[in-house]
Amino acid sequence: MTVALLARNKIQFVNRKLSQPDEDYEDYDAWNRCNCLVVSWLLHSISQEICESIMYMDVAADIWDDLQERFRQRNAPRIFQAKRSMQLLNQGAMDVTTYFTRRKALWDLIQEYRPLPPCQCGAMKIIQGYQEEDKVLEILIGLNESNSNVRSRILMQEPPSVINRAYASVIQEERQREICFTNAETSKDTNTPTAGSSND
């Protein structure tokens, strides 16, 4: 929703940077029209059950604040569930892309509930670096043993590989194995005698 409001230049109607003017102000009608538009977007983007609790509020910023107060709080059960799913997630029968996508979704969910505080100090950069390393290690831990070679190469890299570079390395290894397997199967089919052929 934030992205949608930013794209339409309407985010000021929910973050209170464009407050409601007096009714005798010349731009009141324009403000009211845009506010009603944002209210409509908000009401149509949430479930019917939640909508019923805010449908009589007529200021977009009030609706936004109410939703933030109710739902943008830490949710320990969801964080617990995401952490548990993270620990149990292994590649198994999934290809690397599916495995990576599922793990990234869990990272994003945890980040949503536990965002890092805004800070420009050097310590925050170090913390973010550790988090990036942890993600690479989590990816590698859950990979199948068939990826042991590429896993070893990534662990030996200095400085430590970032997540996207590690993902690209594993994908490249997976595709290389597929090519080798296809070539082996093709060679096997070529060398297999056909029915009715004789071996003199």
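- Every residue meeting the side-chain contact (heavy atoms from CB on, under 4.5 Å) condition with Leu109, not counting sequence neighbours, appears here in chain and number order: Ala82, Tyr113.
- Distance alone, capped at 3.5 Å, places no donor-acceptor pair between the Glu138 side chain and the Met86 backbone.
- Take Lys104 and apply the side chain to side chain donor-acceptor pair (under 3.5 Å) test, not counting sequence neighbours, and it matches Asp108.
- Annotation: salt bridge (Lys or Arg N to Asp or Glu O under 4.0 Å) contacts involving residues 46-62, sequence neighbours excluded, comprise Arg16-Asp62.
- Remark: Glu23 pairs with no residue by the side chain to side chain donor-acceptor pair (under 3.5 Å) rule, at least two apart or across chains.
- When Asn35, Leu18, Val38 are each tested for a side-chain contact (heavy atoms from CB on, under 4.5 Å) with Lys10, only one passes: Val38.
- As a member of the Ile/Leu/Val/Met/Phe/Trp/Tyr network built from side-chain separations under 4.5 Å, Met55 groups with Tyr56.
- The stretch residues 79-110 participates, sequence neighbours left out, in these ring pair (Phe, Tyr, Trp, His ring centres under 6.0 Å) pairs: Phe100-Tyr167.
- Side-chain atoms of Leu5 and Arg8, non-hydrogen and from C-beta on, never get closer than 4.5 Å to each other.
- Here ring pair (Phe, Tyr, Trp, His ring centres under 6.0 Å) pairs that include residues 117-152, with residues two or more places apart or in two chains, number zero.
- When the side-chain contact (heavy atoms from CB on, under 4.5 Å) test is applied to Gln87, no partner is found at least two apart in sequence or on another chain.
- For Asn147, the side chain to side chain donor-acceptor pair (under 3.5 Å) partners are Gln91, Arg177, not counting sequence neighbours.
- A search for side chain to side chain donor-acceptor pair (under 3.5 Å) contacts involving Thr98 returns Asp95, not counting sequence neighbours.
- Residues satisfying the side-chain contact (heavy atoms from CB on, under 4.5 Å) criterion with Thr101, sequence neighbours excluded, are Thr97.
- With sequence neighbours excluded, the residues forming a side-chain contact (heavy atoms from CB on, under 4.5 Å) with Ile50 are Ile46, Ser47, Ser53, Leu67, Arg70, Phe71, listed by chain and number.
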